[in-house]
There are 2 protein chains.
Amino acid sequence: MLQHSKQLIIAIVDDHPIVIEGLKNLLSSETGFEIVSFTTGADFLNYLRTNDADVVLLDIVLPDINGLELCKDLKKKHPDMTILAISNQAERSIIVQMLQNGASGYLLKNASADELLDCIDKGMRGEQALSSEAREIMSRPATNDWNGIPSLTKREKEILRLISDGFSSTDIAEKLFLSQLTVETHRRNIIQKFQTNNMFSVIKLAIEHKII
Amino acid sequence: MLQHSKQLIIAIVDDHPIVIEGLKNLLSSETGFEIVSFTTGADFLNYLRTNDADVVLLDIVLPDINGLELCKDLKKKHPDMTILAISNQAERSIIVQMLQNGASGYLLKNASADELLDCIDKGMRGEQALSSEAREIMSRPATNDWNGIPSLTKREKEILRLISDGFSSTDIAEKLFLSQLTVETHRRNIIQKFQTNNMFSVIKLAIEHKII
DNA sequence: GATATACTACCGGTTTTCTGGTATATTTCC
DNA sequence: GGAAATATACCAGAAAACCGGTAGTATATC
């Protein structure tokens with residue numbers, strides 16, 4: 001099915017040992033694959049300092065790093081790496097974000113073995129690789145007026161997280177050694193980016209789209 | 001590790017082929033286990049009409065039936081069956097419900113292979129079998145003022161939902177034909193129930209605990 | 001019939017957020 | 001090097017939320 005001159009390295013990054021075992025098992029039917037696995041993003045990044053990987057099967061929910069962020073990072077540092085997201089998250093917006101962040105494909109965890117192998121194949125050939133359910137979600141008419149998730153800066157995310165934890169602008173200003181007025185400027189920009197009228201709805205949207 | 005006169009049948013009920021593969025792989029190191037697997041509750045129930053199972057590894061999120069309900073059913077019809085829940089749900093309330101419904105144990109999906117085997121062993125000996133993280137969750141009512149999620153009344157939920165959609169108290173009052181002062185009383189009660197200082201953190205908690 | 005819970009409503013005062021500006025460093029990227 | 005994005009900071013006024021009370025009605029529940 002796949003032909004390569006050198007041995008391909010597939011990295012699995014998922015915090016569920018059971019899932020790792022399953023993936024290894026499914027991939028073991030293919031020869032010529034070297035498989036390495038990690039349960040945290042940090043472990044994988046550490047590995048990459050001295051090693052390489054051709055294909056990454058990346059879970060979105062990780063204990064230390066958000067898979068969306070990790071994907072962006074990885075693509076920046078290793079543009080040739082093929083990243084396939086493997087997740088339970090079936091929300092359209094998350095799939096879109098993942099693809100925007102450089103992922104070659106998106107697999108729901110209920111994908112079959114055949115689909116998995118097919119997606120790896122497609123991904124490495126540079127095609128977009130979606131599992132059947134992911135494809136179904138993406139092909140549904142864009143039901144909503146919500147065409148795109150605003151991207152927040154680091155600072156904005158930081159402040160939004162603190163707001164959602166119940167801190168007021170003055171609290172946050174103290175915590176981050178900023179003027180309270182600066183924090184309020186950030187608040188305003190965040191609300192504007194979400195095109196909504198107050199922070200309450202921003203928090204809801206941000207959590208639902210896994211931005212915080 | 002385990003000694004039995006007859007061959008034990010382990011049933012895996014999980015809608016993720018990858019997880020099934022993983023579990024099979026992990027259990028294959030043990031001899032004397034016959035393993036059957038199903039991706040829906042209906043499939044498993046159907047199988048049980050002509051067959052038997054000694055141990056069930058049961059996912060809570062299934063496409064057709066809620067794992068909590070299924071567990072209750074199974075225990076009623078097959079009291080000797082050992083049921084171990086395997087789930088991503090890390091909420092205390094869900095673990096409690098599952099054990100009340102007759103499950104012998106609860107494993108988070110990030111459990112290791114050793115834990116899995118240990119739990120199966122414990123479960124069949126009639127002991128309670130929790131994975132380390134599940135045990136950790138269960139053993140921390142130490143933070144006692146927070147015994148789970150506060151229960152909101154119908155009205156409170158309704159108002160909380162509207163707040164999270166960006167409506168102000170006056171908006172909501174108009175919408176629900178109430179005095180704006182009434183809405184604000186509800187707000188205060190909601191915040192009090194969550195024992196927090198403002199609505200921002202309430203919304204975060206409410207979404208995370210699937211109240212809204 | 002008594003008690004508890006939920007829903008409704010009000011007052012007064014304080015704090016915080018929101019809105020509309022403007023503006024200057026600093027960092028990032030082409 | 002220069003443009004764009006990001007982070008910082010300020011002012012002032014309006015709107016909304018938050019806080020600590022109190023209290024009547026209605027509806028269950030025991």
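The figures that follow rest on heavy atoms only: side chains count, while hydrogens, waters and symmetry mates do not. In the text below, chain A, chain B and the rest are named by the order of the sequence lines, each starting its count at 1.
Residues Leu116(B) and Leu57(B) share a closest heavy-atom pair of CD1-CD1, 4.4 Å.
With the end axes of the helix from dG1(C)-dC30(D) to dC30(C)-dG1(D) each set by five pairs, the angle from one to the other reads 70° at 10° resolution.
Between the CZ atom of Arg155(B) and the C1' atom of dT27(D) there is a distance of 15 Å, rounded to whole Å. Rounded to whole angstrom, the span from the CD atom of Glu174(A) across to the P atom of dT8(D) amounts to 16 Å. Distance Glu158(B) CD to dC7(C) C1': 12 Å, rounded to the nearest Å. The CD1 atom of Ile172(B) sits 12 Å away from the C1' atom of dA16(D) (whole-angstrom rounding). We find that CG of Leu178(B) is positioned 18 Å from P of dT25(D), with the value rounded to whole Å. Separating the CG atom of Leu176(A) from the C1' atom of dT8(D) is a distance of 12 Å, rounded to the nearest angstrom. Following rounding to the nearest Å, His186(B) (NE2) and dA9(C) (C1') show an atom-to-atom distance of 10 Å. Taking atom CG of Asn189(B) as the reference point, atom P of dC18(D) lies 13 Å away to the nearest angstrom.
Here Thr182(A) reaches the OP1 or OP2 of dA9(D): one of its side-chain N or O atoms lies under 4.0 Å away. Look at Thr153(A) and you'll find a side-chain N or O under 4.0 angstrom from OP1 or OP2 of dA7(D).
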**Prompt:** Do Leu23(B) and Ile10(B) pass the side chain to side chain contact (heavy atoms under 4.5 Å, CB included) test, and can you show the C-alpha distance, the side-chain angles, and the key distance before you say yes or no?
**Reply:** CA-CA 10 Å; Leu23(B) 288 171; Ile10(B) 298 186; over 6 Å; no
**Message:** Checking Asp52(B) against His78(B) for the side-chain hydrogen bond (donor to acceptor under 3.5 Å, both in side chains) test, could you report, in this order, the C-alpha distance in whole Å, the side-chain angles of both residues, the deciding distance, and whether it holds?
**Reply:** CA-CA 9 Å; Asp52(B) 203 6; His78(B) 310 266; 4.5 Å; no
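Looking at Asp165(B) and Lys175(B), no side-chain N of the basic residue comes within less than 4.0 Å of a carboxylate O on the acidic one, giving no salt bridge. Note on Glu69(A) versus Lys157(A): salt bridge recorded, some NZ/NE/NH1/NH2 to OD/OE distance being below 4.0 Å. Salt-bridge annotation for Arg155(A) and Glu158(A): present, with a side-chain N of the basic residue lying under 4.0 Å from a carboxylate O of the acidic one.
Evaluated for a side-chain hydrogen bond (donor to acceptor under 3.5 Å, both in side chains) with Glu156(A), the options Arg161(A), Lys193(A), His186(A) yield exactly one hit, Lys193(A).
When distances are taken from the side chain of Thr185(B) to each of dA9(D), dA9(C), dA7(D), the shortest belongs to dA9(C).
For Phe38(A), the ring pair (Phe, Tyr, Trp, His ring centres under 6.0 Å) criterion is met by Phe44(A), Tyr47(A), not counting sequence neighbours.
Between the side chain of Asn197(A) and the main chain of Gly166(B), a donor-acceptor pair closer than 3.5 Å is present.
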**Request:** Indicate for each nucleotide in nucleotides 12-20 of chain C, in 5' to 3' sequence, whether protein heavy atoms under 4.0 Å reach the base (B), only the sugar-phosphate (S), or nothing (-).
**Result:** ----SBBBB
